[in-house]
Amino acid sequence: MPKTSWAVVVHGGCKPMKKSEADPNREGLNDALAEAVAILSSGGSALDAVEAAVRAMEEDPTFNAGRGSKTNAEGEVETDASIMAGDTLELGAVCALKDTLHPVTVARALMPETETLLAGEGAYRFAEARGLARRGVGKTLAAEGAGTTTVGCVALDVEGRLAAATSTGGTGGSKPGRVGDSPLPGLGLYANKVAALSATGQGESIARAMLGARCIIAIENGQEPQAAVEHALTYLEGLPPHSGLIAMDAHGRIGWGHTGDQMALGWASAEAPDFRVELSGIEEAEDG
Ligand code: ASP
């Protein structure tokens with residue numbers, strides 16, 4: 001297989017942010033990029049890179065994932081996460097998962113199994129058996145939580161493999177058991193040999209619009225990622241806002257966009273290794 005250059009895009013979600021949240025978001029995105037770039041620039045896999053980037057953001061209470069997860073209507077943390085390898089179509093996903101700091105790693109641990117998606121207590125038992133969850137951890141997370149935005153990452157490695165990962169604490173204040181788009185392929189993430197994507201925003205709107213699928217199919221049909229993202233976002237018209245997408249194709253070309261006020265993202269590549277972080281729309285934000 002011919003060698004390609006590496007590239008990575010991370011997002012810190014699409015939700016209204018205050019100006020005071022800009023610096024922590026920038027720092028968190030930079031830290032996540034640093035994790036992914038260290039792996040990709042030394043020849044590591046896109047799959048390792050997306051997991052490492054998402055784990056960094058799950059550690060950071062700035063983001064609504066892992067440590068910063070929002071709580072549901074009963075004050076509990078329930079997380080959704082997914083990870084997918086584009087070259088093999090291997091997928092792992094968990095939803096309504098309690099008591100874990102790193103749902104993306106639970107999702108990764110599920111990749112070799114027959115089942116691709118585990119929910120609720122079943123997901124917890126799987127995570128606990130792998131040493132990735134412990135009863136009571138969720139209470140700590142709930143105390144620390146209320147990060148603003150879901151996280152995700154797409155990457156291309158030097159072997160030409162694409163991967164994607166997404167992790168979230170959900171929309172906050174929702175009914176227990178609510179599951180959004182983040183763990184579902186074709187909605188909150190997807191990766192194949194052609195492209196990889198991660199979505200964020202109103203999971204219910206993303207599902208109604210089949211957002212991720214619209215984007216992937218557009219790239220498969222020859223559109224560049226930026227045009228494909230813009231095309232997919234048109235399907236959100238008339239639905240509740242604050243949704244966004246990042247996408248990358250097998251050439252490392254990237255696309256991103258959002259329908260809500262703001263989106264936080266960053267990217268780097270072998271050709272342009274300096275990290276670029278964009279807090280789109282933050283200049284319109286309220287102070288505080
Ligand atoms: N998409 C996530 C969900 O609906 C939330 C978000 O991205 O902010 O659970």
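Small disclaimer: the values here were computed from a predicted structure and weren't measured. Numbering of ligands and ligand atoms starts at 1, following listing order.
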Return yes or no for this condition: an N or O of [X] is under 3.5 Å from an N or O of ligand 1.
X: Gln202; value: no
X: Asn64; value: no
X: Glu204; value: no
X: Ile206; value: no

Any Thr200 side-chain heavy atom under 4.5 Å of His11 side chain: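 They are in side-chain contact.
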Smallest separation among heavy atoms of Ser69 and Val77, with atom names: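 Smallest interatomic distance, heavy atoms only, reads CB-CG1, 3.5 Å.
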Main-chain N/O of Glu59 paired to Arg67 side chain as donor or acceptor, under 3.5 Å: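 Such a contact is found between Arg67 side chain and Glu59 backbone.
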When hydrophobic residues are tied together by side-chain contacts of less than 4.5 Å, even through go-betweens, does [X] share a cluster with [Y]?
X: Leu117; Y: Met84; answer: yes
X: Val50; Y: Met57; answer: yes
X: Tyr190; Y: Val229; answer: yes

Shortest heavy-atom approach to atom 2 (C) of ligand 1 - which of Gly180, Gly201, Ser198: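 Considering heavy atoms of Gly180, Gly201, Ser198, the nearest to atom 2 (C) of ligand 1 sits in Gly201.
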Tyr235 and His231 aromatic ring geometry - parallel, tilted or perpendicular at 30°/60° bounds: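 Rings of His231 and Tyr235: perpendicular, as their planes differ by over 60°.
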Heavy atoms from other residues, nucleotides or ligands near CZ of Arg253 exceed 12 (cutoff 6.0 Å):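 Enclosed: over 12 neighbouring heavy atoms sit under 6.0 Å from CZ of Arg253.
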Closer than 4.0 Å to some heavy atom of [X] - which atoms of ligand 1 meet that?
X: Thr168; answer: 2 (C), 5 (C), 9 (O)
X: Asp181; answer: 1 (N), 2 (C), 3 (C), 4 (O)
X: Thr200; answer: 6 (C), 7 (O), 8 (O)
X: Thr171; answer: 4 (O)
X: Thr150; answer: 2 (C), 5 (C), 6 (C), 7 (O), 8 (O)

Measure the distances from the heavy atoms of [X] to every atom of ligand 1 and state whether one is below 4.0 angstrom.
X: Gly170; value: yes
X: Arg178; value: yes
X: Ser182; value: yes

Verdict with reasoning, Glu204 to Arg178, per side-chain contact (heavy atoms from CB on, under 4.5 Å): CA-CA 10 Å; Glu204 288 74 8; Arg178 179 260 180 197; 2.9 Å; yes
Protein heavy-atom partner closest to atom 8 (O) of ligand 1 - residue, atom, separation in Å: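 Protein heavy atom with the smallest distance to atom 8 (O) of ligand 1: Lys15 NZ, 2.7 Å.
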